[in-house]
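All remarks here apply to the structure that follows.
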Amino acid sequence: MNEGLLPTIYDPKIVEEKWIAVWDEKKYSSAQVVPGKPRFSITIPPPNVTGELHIGHALQHAIHDTLIRWQRMQGKETLCVPGTDHAGIGTQIKVEAQLATEGLTKHDLGRELFLDRMWEWKEHYGGTILRQLRRFGASYDWDRERFTMDAGYVKAVLTAFTHLYNKGLIYRGTRIVNWCPSCQTAISDLEVDHEDKQGNMWHFKYPLADGSGVIVVATTRPETMLGDTAVAVNPDDERYKKLIGKKVMLPLMNREIPIVGDAYVDMTFGTGAVKVTPAHDPNDAEIGMRHRLPAPIVIGKDGRMTEEAGEFAGFDRYDARKAIVTAMNKLNLVTEIKEHFHAVGQCTRCKNTIEPLLSEQWYVKMEPLAKHALDVLKAGKIAYHPDRFIKYTEDWLENIRDWCISRQLWWGHRIPVFTCVDCGHEFASVETADKCPKCDGILQQEDDVLDTWFSSALWPFAVLGWPDKTPELDYFYPTNIMITGRDILYLWIVRMIYSGIEYLDDKTEADKIPYYTVYVHPTVQNFEGKRMSKSLGTGIDPMELIDKYGTDATRFGLCGMATATQDVRLQETREPGWNVAAPEIGRAFPTFVQGRNFATKIWNASRFALMNLNERTEAKATPATLADRWILSRLADTVKSVNDDLDNYRLDQATIRLYEFFWNELCDWYLELAKPAMRDESIADATRNTLAFVLENALRLMHPFMPFISEEIWQQLPHAAGAAESIMISAYPMPQDFTVDEAVEKEMQLVMDVIVAARKMRAEQGLTPGQKADIIIAVENEQAVKLLNENMSAITTLGRADKVAITNTTDASGEHIFWNELPLIINITRELTAEEKIKELEKAKKEHAKLASDIEKTEARLNNPAFAERAPAEVVAKTRGEIAEAKMRQATLADRIVALS
RNA sequence: GGGCGGAUAGCUCAGUUGGUAGAGCGUCUGGUUUACACCCAGAUGGUCGGGGGUUCGAGUCCCUCUUCGCCCACCA
């Protein structure tokens with residue numbers, strides 16, 4: 001007995017800490033360039049430096065690491081590159097907030113000192129999420145950790161920018177951008193959330209300049225009227241077409257502006273007359289261009305009214321709105337105020353309302369780049385799971401607009417465009433230039449930095465060394481798979497695709513893409529179906545889960561959530577002690593409870609096995625009994641399904657299969673049968689070997705999902721000669737090394753069915769486990785009799801009987817089972833009390849009636865001539881068999897009813 | 001306004017090429033079987049959102065409606 005090998009209680013914390021340290025020291029997760037060797041590579045989506053692990057990350061990394069470990073165990077050179085993203089706006093907001101507590105603004109420090117503060121902050125707080133990932137067991141190559149602003153990465157970004165600039169794909173343009181007055185920067189269309197909000201629609205009278213009347217315009221943003229430079233009507237609008245060419249006197253500003261005809265105007269909406277503010281509305285800007293209208297900017301970048309706003313200069317935009325409505329009212333120019341529900345753009349980062357604003361920004365011409373991505377997607381070069389996201393991506397690419405890449409921030413990659421103060425020469429350069437190459441004049445670099453996504457778009461190849469020609473780039477690129485949530489499919493995933501194709505000129509056409517596969521995992525929602533949000537208190541800290549349930553349990557639960565189609569709600573239950581004020585106390589998560597229970601089960605089963613193995617035991621398949629052969633066959637089946645499921649990114653199915661195998665097959669049946677077998681000297685050693693073999697394989701099979709517990713136990717088990725020193729670098733069980741034996745499974749099925757039937761009879765008749773009752777099996781088939789006799793000890797032990805009698809009585813009563821379509825009737829020896837007889841009778845009658853109706857329905861189907869004609873023969877035969885079985889059951893029940901009456 | 005996804009047992013979800021539905025949790029019954037009560041044995045529980053169609057046969061394919069969620073879209 002080796003009772004001391006595993007402690008009685010599984011303590012995840014101790015085990016996890018121990019193995020993280022060992023694996024780290026041994027550098028099992030470091031990958032080398034080994035030309036010719038099959039490899040598997042992934043880059044993680046770099047979380048923001050400001051980030052902390054949330055449940056979505058946890059799901060994503062559970063998937064990541066499971067796939068990584070699975071591939072590594074298949075002997076591939078396996079690389080997973082971790083890293084973080086500088087996250088321009090988000091990080092700058094944090095540091096500015098920190099400065100504010102000291103009463104400082106970034107302008108007090110100036111650009112250079114401010115950036116020093118940013119770096120300090122990054123060094124201090126930026127590593128949180130990666131530390132959390134290590135604790136999560138992520139077997140990434142920590143020596144290759146990257147940051148989107150480290151030296152090499154900067155070079156990549158500048159090279160990419162310069163390349164596009166020189167190719168004419170980057171230009172400067174003055175147009176309406178999404179301006180965030182709070183973040184003080186332009187943002188791209190993808191960084192604006194549109195949310196329907198309750199607002200008002202004001203109808204304003206604009207008097208005609210010639211005093212001949214008024215024209216009524218509708219607006220949701222009165223403050224913009226100060227910048228109006230026209231009123232537009234539809235040229236086909238009978239009400240207004242005669243006014244085109246006339247002028248109106250813009251109230252409050254006392255400026256004459258023209259009435260123009262423009263087909264954009266929808267005659268049926270509002271009043272049919274639109275006030276045109278070219279500097280503050282994208283549509284108005286276009287009308288303005290068509291009619292060569294001036295575009296005065298009345299709302300400034302700080303969200304306050306500018307000098308152009310006349311008497312309202314200096315007002316906050318919302319104060320101005322109120323003041324203008326009041327002023328218009330005084331002039332009797334407001335005809336109507338209606339409540340109006342409409343989409344308002346808000347900044348993804350800070351949730352403030354976006355102000356459309358005319359300003360000069362840098363843009364990337366997207367058409368040629370989008371075409372790169374469209375070509376490979378349409379050609380099916382990149383597999384998506386689920387594949388509907390291909391079309392989703394294509395639709396976006398086909399309607400793409402140019403990408404505003406300049407941000408008015410300091411934290412980020414400064415745009416490497418230099419302009420000569422003397423001769424005006426402008427150029428982009430990777431190296432910082434100090435003199436004008438044309439006239440030696442003084443140069444000025446752009447102040448703006450690049451959109452964070454411009455740099456993340458280079459991630460898969462930049463982290464492998466691009467633009468340098470590195471062995472890593474040769475060997476690990478393209479990466480094998482990108483695992484992502486669907487929220488960044490446009491922002492990031494597709495941008496990496498066209499970027500790879502645009503920049504990687506050393507690769508063959510087929511190998512320019514950044515990955516062969518995109519796996520889109522579900523979104524985790526809270527128990528109410530809402531998105532997890534920390535600020536709303538609905539978020540769940542994965543670290544809390546790890547503390548409570550253990551990392552393996554958490555990972556197992558998360559993998560079980562990785563379904564193919566739908567988003568998953570994280571079920572939540574409330575334990576005693578829960579209250580509204582502190583909802584995080586006393587809440588429990590059944591998904592992870594299941595994982596924890598499974599871990600405990602694995603622990604205890606292994607503890608039991610280790611107690612029973614001895615020094616002669618080898619992890620070798622040496623089957624002596626039917627049960628031995630059966631569990632080996634079930635192992636083979638499990639190996640195949642788990643590998644298939646992983647191949648198809650169905651981690652949920654894989655976890656279910658592992659769970660069922662380990663718990664329902666290995667523990668519930670095999671271990672129970674192994675107990676008596678290990679007491680029988682003639683087969684004890686064979687059983688021990690088989691048990692060790694199956695357990696050892698099962699642990700390897702589950703290691704990618706539950707790395708810690710599998711390693712801890714595995715280390716205690718006997719291994720085959722030449723085994724690796726860690727389960728992490730052992731071979732993954734593969735289908736070709738195992739054989740499913742269907743005949744054995746069929747035989748075992750009989751034994752199990754008999755035992756289950758006997759247990760059922762016992763339970764129904766109220767026997768406690770301590771009370772013995774002999775089993776009577778009525779069967780006529782010789783083969784079955786032989787099998788039952790061979791497995792008599794299993795049946796007596798698990799069926800809790802002293803002995804088993806096999807008869808060929810045809811009129812026996814009891815529980816029916818069918819084996820190879822032959823009936824067996826199982827019963828136990830026990831006289832029922834009068835009361836029990838009544839209960840039994842009722843039950844028998846009920847079941848008899850149910851069978852009668854089933855038989856009737858099935859016969860009706862069978863008697864339909866079309867069924868016999870058109871259905872496949874085996875289906876017809878199966879249906880006949882069903883009827884036959886039901887009738888036999890019914891006949892026995894009829895006998896029983898008579899006997900009980 | 002357009003597109004996509006979901007609606008299956010009380011809850012959270014599976015359901016492979018159409019052959020009368022599964023898991024976990026919950027509920028109920030019985031258990032000190034020396035690995036495990038984070039356990040064991042057994043049971044209960046579903047007209048697969050509504051309607052129509054194709055088919056011998058539909059949770060599964062087609063149409064339609066209801067409803068929830070997500071994405072895209074310039075309606076002042």
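Atoms considered below: every heavy atom in the structure, side chains included; atoms not considered: hydrogens, waters and symmetry mates. Order of the sequence lines fixes the chain letters, A, B, ..., with proteins taken first and strands second; residue numbering starts at 1 for each chain.
Of the candidate nucleotides B:A23, B:U12, B:A76, B:A76 has the atom lying nearest to any side-chain atom of A:A218.
Within the nucleic acid shown, A:R657 has no heavy atom closer than 4.0 Å to any nucleic acid atom. A:R221 comes within 4.0 angstrom of nothing in the nucleic acid, heavy atoms only. Among the heavy atoms of the strands lying under 4.0 Å from A:D567 are primed sugar atoms or P, OP1, OP2 only; no base atom is included. Base contact: A:E672 has a heavy atom under 4.0 Å from a base atom. When heavy atoms are screened at a 4.0 angstrom cut-off, A:H340 is found touching the sugar-phosphate backbone but no base atom. Contact annotation for A:P386: no contact, since no heavy-atom pair falls under 4.0 Å across all strands. When heavy atoms are screened at a 4.0 angstrom cut-off, A:W202 is found touching no nucleic acid atom at all. Looking at heavy-atom distances under 4.0 Å, A:R762 makes no contact with the nucleic acid at all. A:T879 comes within contact range of no nucleotide atom at all, as no heavy-atom separation falls under 4.0 Å.
For residues 555-563 of chain A, proximity to RNA chain B is found at A:T563, defined as any non-hydrogen atom under 4.0 angstrom from a strand atom. Contacts between residues 260-267 of chain A and RNA chain B, counted as heavy-atom distances below 4.0 Å, involve A:Y264, A:V265, A:D266.
Here the C1' atom of nucleotide B:G3 and the CZ atom of A:R388 are 12 Å apart, to the nearest Å. Rounded to whole Å, the distance from CD on A:E398 to C1' on B:G2 is 15 Å.
Looking only at atom types and distance, the side chain of A:D652 has no donor-acceptor partner in the side chain of A:T563 under 3.5 Å away. When only modelled atom types and interatomic distance are considered, A:T797 and A:K675 share no side-chain donor-acceptor pair under 3.5 Å.
A:R759 has no carboxylate O lying under 4.0 Å from a charged side-chain N of A:E764, or vice versa, which leaves the two without a salt bridge.
Distances shown here put every side-chain N or O of A:H194 at or beyond 4.0 Å from the OP1 or OP2 atom of B:C72. For A:K601, a side-chain nitrogen or oxygen approaches OP1 or OP2 of B:C40 to under 4.0 Å.
Distance check: A:F708 CZ to A:R555 CZ gives 7.0 Å after rounding to the nearest 0.5 Å.
Comparing the P positions of B:C63 and B:G6 gives a spacing of 14 Å, expressed to the nearest Å.
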